[in-house]
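A quick note: this is a predicted structure, and the numbers were derived from the prediction, not measured. So that the names make sense, note that chain A is the first sequence line, chain B the second, and so on, each numbered from 1.
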Amino acid sequence: MISSTFVSGKGPWYVFDPRAKLILIILLCVEVFLPVPLWGIYLLFALAFVSLFQAVGLRMSFSPFKAIGLIIFIMVLFIPFTHRTGTPIIVIGKTVLATQDSLLQFATHTGRFITITYLTTLFVWTTRMNDILLTFRWFSLPYSAALVITLTFRFIPFIAETFTRIQEAHSLRQSEHSQSKGWNALFDILPTISCTLIFALKSIPHLAMSLEHRGFGSSVKRSSYRSLSRGASLFTHLLICGMIATTFALLIIL
Amino acid sequence: MDKNENRIALKVALIAILTALTTVFTIVVRVPTPIKGYISLCDVVIVFSAYLFGPWTALITGGLGTAIADVIGGYSQWAPFSFLIHGLQGAVIGLIAKKASKSGVVSDASLLSVIGAGLLGTVIMVGGYFFVGGLFYGFEPAATEIPMNLIQAIVGVVLGIAVTKTVRKAYPPVRFLTW
Amino acid sequence: MLSIENLSFSYPDYHGDGGHEKNLFHDLSVQVESGEALLFLAPPDAGKSTLARIISRGVPRYTSGTLAGHILFGELDILSMEAHALTPLVTCVFQNPQEQLLMNTVADEIAFPLESLGIPSEEIERRIQHVLTTWQLSHVRNVHPHELSGGERKRVLLAVTDAIDAPLWVLDEVFDDLDVKWKRFVMDLLQERKKTSIVFASRFLPEFAARFSRIVMMDKGIVRTVDEAELRQSPRYAGTRDNPGYTDTAGKMRLSVSKARIEHPRTSERAAEPFRLHVDELSVTQGEVVALLGENGAGKSTLARMLCGLDDPLEGVCAIDSHALTAKMRKLNIAYLFQNPDFSIFLPTVADELSYSVKKQGKRKQAVHDQVYKVAQEFSLDLEANPSLMSYGAKKRLQAAVASLLERSFVIIDEIDSGMTYEMAFQSIEVLRRRGAGVIIITHDESIASSLAHRTYMIEAGYVRERSVS
């Protein structure tokens, strides 16, 4: 279920050093918010889309739209109310539905939004959880913080399933006339929530014990089973990342 | 129980479990609303964490939990902002709770401080998303999200406080988990 | 080699003013010789798991309580050491794997304690490969623990134990989720490697008795060595009681399933096919006890979920007498007690929990009170107690009490033998039967099925069939 954010696929994005990849994604995300001409934004979007398509295939590469479709629809609805000035483009009867300015603004906002959506998705889908954490560690995130994130992903599916079971157990002890209505219906969820919370809280001491039982907290210096590749390849990848970001920045300025 | 010992394992365990709870309540636990669609119950866990475990814990678990939920749910562009907004929301509620009562728990705090904390938390959450949404796709479309966020935040505060009281009563050892 | 001397442990009782402490065990002494495999028998809730956690220094550190006495491991005084310092010396496999699995893949799980010990990564990789092969887990190397079956989870924890290769192994109810092949494998391994080990168990497994060098039994806080012959007589550890009497069927309701096909969507991403179960004919009459017997993963819970209305069958009929039942009607007529009682504890006190459902039936206050009081006595429950802090057995009784108050005509009890002694299970079933319920017990234990139930259905290879009376 929800235990991972990684999507398997192939291509250069999977081989790219995650440290360089993270820097590149952040730089590009910042660049779309600079005063960029419209074609620049869409060029970057095209780049992100093609990358994602190449990495995970056609069907998956459209799926980020599902998450942002509704808000784009709302943005379309608001076009007529944004800019009243500028050359009218779409007119029905006497009502101006869209002017040049409002369409330009819509295109800019949409372009930025879908571009950052695709860029961040690209990073999350093509980088394994372990590599993301090692990347953060490389940017000096303490070990215990990385461990917290690992444990969180360990427990998310467990707690989600627990909640479902508790909900089922609760539904099994209803009697015939126990359907509440209105505001009370909201409070009907209380026993289920508190049961889940208590269940989770009870696992905290056990988790702490297990961590120490496995040697966490000892003064011995931890070794690391997994590591990011070092040396030449990181340097090359950082160089490539710098080149892409600069090329794009130059394109906009010229 | 030794209170003074170095209990790093407990801190890690507590934060990890509360973060996972926040994520699950953001993604999985959704309540249908009469108007339309669903609201998430992440704010319930944030309020709960703030009252039981204080501002620092709520800052990390509220922020991290919702950020991870964004990443899993395909809204990764929101993750850094959810981290700031929900983290701040939890921290502020926790801070007021801590100041208003010596023990930092709901039952000892005055009604006024509970309402105040809830309101301030709600303003941070609703305002935060409006501001970031405005930057992302214009303030007019962002404004349409205010009503749902408002309902979600208020439901979160009301249920969060109710659930905090129940859990403290039903599971007294919870007080040993604080740090 | 391991010497437990005059160990006493008491834990706080939150009930009432919260000032008391309850004694779990008192003045307990056990010796385990080097290279010896000791079987430590004790009824559920007697403190086995707590003892395992005391040996690994988890208790009373993260739960409160008062501890007195000594635990010596060779020359080392364990109780003066820190938990993480014990990692290379003692490895425990706790009863519930969910409490012990920490990482997101099996390989990382094995690597984690080795990293703590500062072992270089090449050596870690070598050990991972080795134990994955030994425990036949290579195909799940990169799988999240949530995707594993119960038996696989236990094997992962045993593989971690194997990779650390500490001199002392403490295995708490380790046989629970393992099938016969792996039970035998664990025993072989303990013998071959001459591991010093304590195996905690609440039920006696006659087929393995000879493999242990010694068997001790804890009863009411006293530990003594026992021999096999004595255990074979003891009703507590071997179910030898006669079947509960049952004859009368006149005027009773009969629950039946016929020609049913049930599909359970696999929660695991590893399974390509959904799980299918076929039931040709199955029936229970009120007052009767029927067992569903099958290995782990055979589909016992899938059948139970359909019966109690959580899932619908793809085809076939579930009926009471001649009235076919919808899912909603099944929910109102058939209770299902989950294996884990923590899933059904919602409210602060036993009284709240018991009166919740009765109140919802719209009864008057005094009537609710009387009914709750009566049922609490029948199931020997303390009305003021905190359900979340009660012993496992008491929680199971609370579950049964709630089902009985709901006046369901049929009750399904999942994994009845987990955390309950034979006697406790027998008592709960008797109270439910007296109140007129038909009881379906789910178990993977042959002897439980044959000693508690009137009839037994076997679940094997996707089919449910009644076992003919021998």
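Using a 4.5 Å cut-off between heavy atoms, L77(A) does not touch chain B at all. With a 4.5 Å cut-off on non-hydrogen atoms, F25(B) touches chain A through its side chain but not through its backbone. In this structure, the portion of L211(A) lying under 4.5 Å from any heavy atom of chain B is its side chain and not its backbone. Of the two parts of V12(B), the backbone and the side chain both hold a non-hydrogen atom closer than 4.5 Å to a non-hydrogen atom of chain A. At a 4.5 Å heavy-atom cutoff, the contact between I71(A) and chain B is made by side-chain atoms alone. Only the side chain of T144(B) has a heavy atom closer than 4.5 Å to any heavy atom of chain A. Heavy atoms closer than 4.5 Å to chain A are found in the backbone of L135(B), but not in its side chain. Proximity to chain B (any heavy atom under 4.5 Å) is shown, for F155(A), by both the backbone and the side chain. The part of I68(A) that comes within reach of chain B is its side chain, from C-beta onward, which places non-hydrogen atoms under 4.5 angstrom from that chain. Neither the backbone nor the side chain of F106(A) comes within less than 4.5 Å of any heavy atom of chain B.
A 6.0 Å sphere centred on CZ of R222(A) holds more than 12 heavy atoms belonging to other residues, nucleotides or ligands. Atom CG of L34(A) has more than 12 heavy atoms from other residues, nucleotides or ligands within 6.0 Å. Heavy-atom contacts from other residues, nucleotides or ligands closer than 6.0 Å to CZ of F131(B) number 12 or fewer.
L10(B) CG to I204(A) CD1: the interatomic distance, rounded to the nearest 0.5 Å, is 7.5 Å. Between S76(B) atom OG and Y118(A) atom OH the span is 11.5 Å, to the nearest 0.5 Å. With rounding to the nearest 0.5 angstrom, the CD1 atom of I198(A) is 12.5 Å from the CZ atom of R168(B). Atoms CD1 and CG, from I159(A) and L18(B) in turn, are 8.5 Å apart once rounded to the nearest 0.5 Å.
Y75(B) places none of its side-chain heavy atoms less than 4.5 Å from the side chain of T117(A). Side-chain contact check for L201(A) versus I17(B): every heavy-atom pair is 4.5 Å or farther apart. Looking at Y171(B) and F199(A), their side chains never come closer than 4.5 Å, going by heavy atoms from C-beta outward. For the pair Y137(B) and R112(A), the minimum side-chain heavy-atom distance is 4.5 Å or more.
Of the listed residues (T110(A), I193(A), V124(A)), the one with the most heavy-atom contacts under 4.5 Å to chain B is I193(A). Note on V174(B), V45(B), V163(B): by heavy-atom pairs under 4.5 Å with chain A, the leading option is V163(B). With chain B as partner, the option from V148(A), T192(A), L151(A) having the largest number of non-hydrogen pairs under 4.5 angstrom is V148(A).
Each of C195(A), P191(A), S194(A) was checked for a side-chain contact (heavy atoms from CB on, under 4.5 Å) with T166(B), and the lone residue meeting it is S194(A). The only option from L21(B), V24(B), V28(B), T22(B) that meets the side-chain contact (heavy atoms from CB on, under 4.5 Å) definition with I156(A) turns out to be V24(B).
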Intermediate values then yes/no, side-chain contact (heavy atoms from CB on, under 4.5 Å), I189(A) and L159(B): CA-CA 9 Å; I189(A) 200 178; L159(B) 286 185; 4.2 Å; yes

